[in-house]
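Inspection log for the structure reproduced underneath, given as C-alpha cells.
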There are 2 protein chains.
Amino acid sequence: MQTFAFNFLYLLSIQMLYIIMSKKQVTIQDIAKELNITASTVSRALNDHPKIKQSTKELVQNTAKKLNYQPNSIAASLRKGRATTVGMIVPRINRHFFSNVITGVESVLNPAGYNLIICQSEESIEKENENINTLIANRVGGVLISISIETKTFAHLERVLSHHIPLVMFDRIADELDVSMVENDDVSGSYDLTKHILAKGAKTIAWIGGPRSSNIYQNRYNGYKKALEEAGINPKAMTCFEGSITLDSALDFIRPFIEKNKNNMPDAIFSASDYMAMGVIQGLQEAGYKIPEDIMIAGYSNEPFAELISPKLTTVDQFSEEMGRATAKLLLEEIEAKNEYIHKKTTLKPKLIIRESTDK
Amino acid sequence: MQTFAFNFLYLLSIQMLYIIMSKKQVTIQDIAKELNITASTVSRALNDHPKIKQSTKELVQNTAKKLNYQPNSIAASLRKGRATTVGMIVPRINRHFFSNVITGVESVLNPAGYNLIICQSEESIEKENENINTLIANRVGGVLISISIETKTFAHLERVLSHHIPLVMFDRIADELDVSMVENDDVSGSYDLTKHILAKGAKTIAWIGGPRSSNIYQNRYNGYKKALEEAGINPKAMTCFEGSITLDSALDFIRPFIEKNKNNMPDAIFSASDYMAMGVIQGLQEAGYKIPEDIMIAGYSNEPFAELISPKLTTVDQFSEEMGRATAKLLLEEIEAKNEYIHKKTTLKPKLIIRESTDK
DNA sequence: ACACAGAATGCAAACGTTTGCATTTAATTT
DNA sequence: AAATTAAATGCAAACGTTTGCATTCTGTGT
C-alpha cells in the first residue's frame with residue numbers, strides 16, 4: 001500500500017500536486033511551469049500556431065490533458081476584444097419557426113467555434129433594447145435579430161453597429177438599415193398560394209393576417225393582391241382583417257363575420273398565419289361549414305400542426321433551418337471581412353404546400 | 001456656423017473628443033479621467049456600492065451616459081472568476097416542451113441579471129460532452145441540463161462540479177448524481193391517465209412509448225402498470241412497444257399491429273408521447289377505426305397540436321414553464337449558497353387533460 | 001483649535017489570455 | 001569554422017474590471 005502511494009506520488013510533479021490540492025483552476029501558466037517553457041508557447045501550441053514545433057505541441061497537449069486543463073475563453077475574449085459568442089434575438093423561442101432558425105444558425109456557427117446567447121424580445125421594443133445592451137456588454141462577436149412587431153425605430157441596432165459588432169437581420173427585417181439581411185420572399189409565397197386557390201375555382205378570397213405595418217404581413221398581402229389583380233379581380237372588394245396572430249384573435253373575428261355574411265360567404269379565406277387559420281377553421285366547423293367543400297382555407301408558415309390537423313392545411317413552407325444557415329453564413333462573412341463593407345441581402349423562395357384544406 | 005461649432009466643441013472635453021475620434025471603446029477609466037477620480041470609484045459608483053456618495057454616483061452615471069459607456073462584462077467576469085451567464089443544455093430546442101422550459105428559466109434568470117447560453121445535445125452524448133466543454137470554457141455561473149437519451153455515464157457532469165459550477169438537472173434527471181433536480185411525477189401522471197381510461201370502461205389497454213432505459217418512459221410505464229394492477233388486470237398480457245418517439249415510428253408500429261390483431265384490438269392505446277399518439281391515430285383512421293368509439297387514444301405531454309387535432313387528444317400537461325422557473329430558482333439558491341451543500345429535489349405534479357379521444 | 005471617528009476615495013494587484021517584437025537555437029550556406 | 005538565414009521560443013504589455021487595504025477627507029464632540 002505504501003509502495004503504491006509512493007509510486008503514485010512519484011508520477012506527479014510538485015506542480016500537479018499543488019494544483020490538485022488547491023481549488024485554483026489550471027491555467028496555461030501551470031502547463032508552462034510543468035514543462036519549463038513560457039505561457040506564450042503554451043498558448044500558441046494550443047492554438048496550433050505554425051511557428052511551434054510539432055513535438056512541443058504534442059507535449060503541451062498531453063500535459064494539458066494530464067492537468068485537466070480547461071481553457072478560459074473569458075480571458076481570451078477580453079484580450080481579443082470580442083467573444084466567441086454570438087447573440088441572437090427572436091420575438092419568441094417557442095415559435096416553431098424561430099426555434100428551427102436557431103437550429104440552422106447553430107449548425108453553421110458551432111463548427112466555426114461560436115456559440116449562441118439567445119434572447120427573447122417577447123414582441124416588446126423595451127425588452128429588445130435590454131437584450132441589445134446585455135449583448136453589447138458581453139462583447140458578442142455578432143448579433144442576429146428578427147425584430148419585434150413593435151419595433152419601428154432602430155437606434156438600438158445602430159448602437160450595435162457603433163460598437164463595430166456585425167449585425168445581420170433575418171425574417172423580420174428593416175430596409176432602413178444598411179446591414180446584411182436574409183428575408184423570405186413573402187410576396188412570391190402568397191402570390192403562388194393565391195394563384196393556386198384561384199385555379200381551384202375561387203372567385204372571392206378573403207385575406208386575414210397580422211398588422212400590415214409589419215413588412216411580413218404587408219408583403220403577404222401584396223402577393224395576394226397581385227394575383228387577384230392579374231386575375232382581373234378587385235382586391236378592394238374583399239374582406240380583410242388584421243389582428244394579433246393567434247388562434248383566438250381569428251376566432252373572435254370569424255364568429256361575427258359568419259353571422260354577418262352567412263348568405264354571402266367568400267369561396268376561400270387566406271390566412272397569412274397558420275395559427276389564425278386554425279381559428280378560422282374552428283369557427284367555420286362550429287358553424288357547420290365543410291372545408292374545403294363549402295369554403296377553402298389556406299395558412300402560411302407550415303407550422304408542425306398543419307399536417308396533423310383535419311383537414312390538413314394548405315400552407316407555405318419557409319425553410320426555416322435554411323434561413324438560419326443563410327443568416328449565420330452572412331454573419332461569418334461579416335466577421336471575416338472585419339470592417340470592410342460587404343452588406344448582402346439573401347432572399348429565400350418559400351414553397352407552396354398543397355394539402356386537403358384547398359383540395360376541392 | 002462657426003459660433004455653433006465653437007459652442008459645440010466647448011461643451012466637449014478633450015477626453016470626450018479623443019474617444020469620439022478614436023475607435024476605442026469607452027471604459028470606466030475614461031469616465032474616471034473625465035471626472036478627475038479613479039476607476040475604483042467609478043466601478044463602485046456604477047455598482048451602487050454603499051460607500052460611495054450619492055452625488056458622486058449621479059455624476060458618474062451622467063458621465064457614463066454622456067460618453068455612451070457600455071459596461072464590459074467580459075472584463076468583470078474575468079476578474080470575478082465567473083460569468084453572469086448560465087448554460088442550458090437540452091436535447092432539442094424545437095421541442096415545444098423544452099422551449100417552454102427555456103422561457104420559464106429566462107423569466108427567473110433574466111431579472112436576476114443572468115442570461116442564457118443554450119446548447120442542443122441532439123440526443124447525442126458526444127455533443128453533450130462538447131457542450132459541457134464550451135460551457136466550462138465560458139466559466140458559466142451554472143449549468144442546467146436535461147440529459148440526452150444516450151446518456152448513461154456522467155463523467156462530463158462531474159467535470160462541471162469539479163470546476164465548482166453549480167449544476168441543476170431537470171426533466172431527464174439522473175438520480176446517481178448528488179445535485180439539485182426538478183422532475184415531473186411521471187408515475188402519478190400516467191397513473192391518473194390510466195385510471196381515467198379504465199373508468200371509461202376499457203379492459204385492455206396497450207402501452208407504447210420511448211425506451212424504458214430512460215427514467216421518463218420507465219416511470220410512465222410504472223404508473224400505467226400500477227393502475228392496471230390495482231384494477232386486477234395483468235399488465236404483462238398487454239401489448240407494449242418501445243421505439244423512437246416520433247409519429248413515423250408509431251405509424252410503423254401500428255400498421256402491422258392492426259393487421260395482426262384486427263379481431264382482437266385493445267380497448268385503448270396509451271401512448272407515452274403525443275407524437276407517437278399522432279401516428280397511432282393516423283394509422284387507425286387509415287384503417288377505418290373511429291376514435292374514441294372503436295378505440296380510445298391518449299398521449300402524454302400536451303403538445304400544442306393536442307387540442308388542435310380531430311379528435312382532440314386526451315393527454316397529460318407538464319407545466320413546462322413552471323418547471324423552468326423551478327429549475328432556475330434551484331440554481332439561484334445554489335449560486336447564493338456558494339459551496340454549502342443544499343441539493344434539493346423538486347417534484348412537479350402533472351395534470352390530466354381529458355379531451356375527445358377518450359371521451360366515449 | 002484638536003483629536004477622532006466615520007465616510008469617501010485612491011492605490012495597486014489580480015483575473016488568464018494573446019501577440020508584436022526581441023532573442024535564442026538550429027539548420028544551412030559560404 | 002564563420003556567417004547567414006530560418007525556426008522556435010521568450011518577454012512583457014495589454015485587455016477592462018473588481019476589491020482588500022491604505023489613505024485622505026469631512027464633520028463631530030471636546
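Excluded from the calculations below are hydrogen atoms, water molecules and symmetry mates; all remaining heavy atoms, backbone and side chain alike, are included. Note on naming: letters A, B, ... go to the chains in the order of the sequence lines (proteins, then strands), and numbering restarts at 1 for each one. Keep in mind the model is a prediction, meaning the values are calculated, not measured.
Contact annotation: B:Thr38 side-chain N/O to C:dG10 OP1/OP2 distance is under 4.0 Å. For D:dT19, the OP1/OP2 oxygens have no side-chain nitrogen or oxygen of B:Ser43 closer than 4.0 Å. Residue A:Asn47 places at least one side-chain N or O under 4.0 Å from the OP1 or OP2 atom of C:dT18. Residue B:Gln29 has no polar side-chain atom (N or O) positioned under 4.0 Å from OP1 or OP2 of D:dT17.
In terms of position along DNA chain D, the nucleotide closest to A:Ala75 lies nearer the 5' end than the nucleotide closest to the other residue of the pair B:Lys80 and A:Ala75.
For D:dG16, its base never sits under 3.5 Å from the side chain of A:Arg139 at any donor and acceptor pair. Interface remark: the A:Arg82 side chain does not form any donor-acceptor pair with the D:dG16 base, using a distance-only criterion of under 3.5 Å. Counting distance only, with no hydrogens placed and no angle test, the side-chain atoms of A:Arg79 and the base atoms of D:dG16 include no donor-acceptor pair under 3.5 Å. Residue A:Ser40 places a side-chain atom within donor-acceptor reach of the base of C:dT19, judged by atom type and a 3.5 Å distance cut-off alone.
Picking from D:dT9, D:dT17, C:dT17 the nucleotide with the shortest atom distance to the side chain of A:Tyr69 gives C:dT17. Picking from D:dG16, D:dG10, C:dG10 the nucleotide with the shortest atom distance to the side chain of A:Ile37 gives D:dG10.
With A:Glu150 contributing its side chain and A:Ile125 its backbone, the two residues share a donor-acceptor pair below 3.5 Å. Distance alone, capped at 3.5 Å, is enough to place a donor-acceptor pair between the B:Arg172 side chain and the B:Ile147 backbone. In this structure, B:Asp30 contributes its side chain and B:Thr27 its backbone to a donor-acceptor pair below 3.5 Å. Remark: the backbone N or O of A:Tyr114 is not paired with any side-chain donor or acceptor of A:Thr84 at under 3.5 angstrom.
Per the geometry, CD1 belonging to A:Ile74 stands 15 Å off C1' belonging to C:dA14, to the nearest Å. A straight line from CD1 of A:Ile28 to P of C:dT18 spans 6 Å, rounded to a whole angstrom. Rounded to whole Å, atom C1' of D:dG16 lies 10 Å from atom CG of B:Asp30. The CZ atom of A:Arg44 sits 11 Å away from the C1' atom of C:dA22 (whole-angstrom rounding). One interatomic measurement links the two molecules: CG of B:Asn138 to P of C:dC15, which rounds to 20 Å at whole-angstrom precision. To the nearest angstrom, P of C:dT18 lies 8 Å from CG of A:Leu46. Taking atom CD of residue A:Gln25 and atom C1' of nucleotide C:dG16, one finds them 7 Å apart after rounding to whole Å. Per the geometry, CG belonging to A:Leu78 stands 11 Å off P belonging to C:dT18, to the nearest Å.
For the residue pair B:Thr134/A:Asn115, the side-chain donor-acceptor check at 3.5 Å is not satisfied.
For the residue pair A:Thr151 and A:Ser148, the shortest heavy atom distance occurs at OG1-OG, 2.8 Å.
Using a 4.0 Å heavy-atom cutoff across all strands shown, A:Lys51 reaches at least one base atom of the nucleic acid. Across all strands shown, B:Thr27 has heavy atoms under 4.0 Å from sugar-phosphate atoms exclusively, and none from any base. No engagement by B:Ser77 is indicated, since no non-hydrogen atom pair under 4.0 Å with the nucleic acid exists.
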